[in-house]
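Below is one structure, written out as C-alpha cells; comments come after it.
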Amino acid sequence: MTGEAGEAEGEERGRPRRASRTYWVAGSAVGLALLFAVGATVAAASDGDGGGSSASGTSSRAPGRYSPDAGFARDMAVHHQQAVEMSFIVRDRTGDEPVRSLAYDIANTQANQRGMLLGWLDLWGLPKVIADEPPMSWMAAPDGETGGAGEAGGHHEHGTGAAKPGALMPGMATKEELAALGAAGGRDAEVLYLQLMTDHHKGGVAMARGCARQCATPAERALAQGMVEAQQSELTLMADMLKQRGAAPRG
C-alpha cells in the first residue's frame, strides 16, 4: 500500500469516529433535555397539589391564562409539532443513515417534550389553544400575572427570532417549504431538511431563552434551558453535516 493510499484509508477510518463523537455530544444534550422534561412533569404535578412554598422557589398557584408559562407551553408545542413532521418527512425521502438518525432523535425528543408542555396546560386547567392570542404574545407580556421580565425584555427577545413571512413563529417552515421537502429526495432532501431544521432550532432557542428568563415555574424554566443546550448542540452538528454535503445554513 502506498503512503498516499494509506493516508486516504486512514482519513476514511477517522470519519466515523469523529461523527460518532459528535453524535454522542448531541445525544447527551438530548438526553439531558428529556431528564429535565421528566423532572419538570413531576414538579408540576407536585405544585398542582398545593405543596409548593416560597422557600423552595415554587408556587401552588397555577400560571395565568396569558402568562409566559402558559404562552410558551402553547407556542412551543406547536413549534415542536412541525419539527416532528419535518423529521418524519425526511425519514422517507433519504436512505442516509446519519440524517435519518438525527431526524429520529429530533422527532423522539420533541414529541416527548411536546407531551410534557401540553400536560402542564392540563394540570394548570388552561386551554391548549386560544383563538384570540397571537403567537409569541407572551414574550412581550407585561409584568403582573406573568411573573416575567416585562414588556421591554419580551420585545428584545422576540427581535432575535422574528417569524419570516408565511411562517407562524420564529424558525418555522412555510407550507411551500414543507411541500418542497416532501417533493425532494436523496441529497436534496437531506440538505433542505438540515437547512430548515437549522432555522427551526434557531427560532426554538430564542423562544426557550425567553421562557428561561420570563417563566415563573422553576420546572418549566429548567426544561426551557435544557432545550437551549440540546438544540445548540444539534445546530453545531447540522452545520457540520451540511458542510459534508457541500452546503451551508441559509441566511
Side-chain angles (χ1 to χ4, degrees), residues 4-37 76 79-80 82-113 160-161 164 167 169-174 177-178 180-209 212 224-251:
E4 184 177 347
E7 283 178 17
E9 186 177 338
E11 184 179 349
E12 281 299 314
R13 284 199 304 266
R15 255 182 217 144
R17 286 195 294 272
R18 284 194 295 272
S20 222
R21 285 195 295 271
T22 305
Y23 278 113
W24 183 86
V25 171
S28 298
V30 169
L32 284 172
L34 282 173
L35 285 174
F36 272 128
M76 190 56 85
H79 206 270
H80 273 17
Q82 189 184 73
V84 173
E85 179 185 353
M86 290 195 295
S87 296
F88 279 130
I89 291 174
V90 80
R91 182 195 64 177
D92 298 329
R93 307 303 301 169
T94 179
D96 184 85
E97 193 53 40
V99 172
R100 286 171 60 88
S101 178
L102 174 66
Y104 173 82
D105 286 344
I106 289 174
N108 189 49
T109 299
Q110 298 209 12
N112 275 284
Q113 291 177 347
T160 66
K164 61 192 171 187
M169 281 179 276
M172 289 188 71
T174 63
E177 288 170 332
L178 290 175
L181 180 61
R187 178 190 170 280
D188 290 343
E190 297 158 22
V191 168
L192 183 55
Y193 171 75
L194 292 168
Q195 290 174 332
L196 291 174
M197 193 58 72
T198 293
D199 293 346
H200 205 272
H201 271 21
K202 287 178 179 177
V205 166
M207 292 168 66
R209 281 179 175 154
Q225 186 58 41
M227 290 179 185
V228 170
E229 292 167 8
Q231 293 191 27
Q232 283 180 324
S233 177
E234 287 175 343
L235 281 169
T236 300
L237 173 61
M238 290 190 289
D240 188 52
M241 293 174 74
L242 281 167
K243 186 176 180 181
Q244 291 169 6
R245 289 160 178 78
R250 304 186 301 181

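All values below were derived from every heavy atom in this structure, side-chain atoms included, with hydrogens, water molecules and symmetry-related copies excluded.
From Leu196, atom CG reaches atom NE2 of His201 across 12.5 Å, with rounding to the nearest 0.5 Å. In this structure, CG in Leu237 is found 9.5 Å from CG in Leu242, a value given to the nearest 0.5 Å. In this structure, the separation between CG on Leu102 and OH on Tyr193 is 5.0 Å, given to the nearest 0.5 Å. In this structure, the separation between CE on Met76 and CD on Gln110 is 8.0 Å, given to the nearest 0.5 Å. In this structure, CG in Asp105 is found 12.5 Å from CZ in Arg100, a value given to the nearest 0.5 Å. The distance from the CE atom of Met86 to the CD1 atom of Ile106 is 8.0 Å, given to the nearest 0.5 Å.
Residues passing the ring-ring contact (aromatic ring centres under 6.0 Å, His included) test with His200, sequence neighbours excluded: His79. Remark: Ile89 pairs with Glu85, Arg93, Leu181 by the side chain to side chain contact (heavy atoms under 4.5 Å, CB included) rule, at least two apart or across chains. Not a single ring-ring contact (aromatic ring centres under 6.0 Å, His included) links His80 to another residue, sequence neighbours left out.
Shortest non-hydrogen contact noted between Ala107 and Ser87 is CB-CB, 3.9 Å. Heavy-atom minimum distance, Ala208 versus Met227: CB-CB, 4.1 Å. Shortest non-hydrogen contact noted between Ala103 and Val90 is CB-CG1, 3.7 Å. Gln225 approaches Ala212 most closely through the heavy-atom pair OE1-CB, 3.9 Å. Here the shortest heavy-atom pairing between Ala247 and Val191 reads CB-CG1, 3.7 Å. The nearest pair of heavy atoms linking Leu192 to Ala180 is CD2-C, 3.8 Å.
Listed for the Gln232 side chain is no donor-acceptor partner under 3.5 Å among the backbone atoms of Val205.
Screening residues 241-251 for salt bridge (Lys or Arg N to Asp or Glu O under 4.0 Å) gives Asp96-Arg245, Glu177-Arg250, Glu190-Arg245, Asp199-Arg250 as the qualifying pairs, with residues at least two apart or on separate chains.
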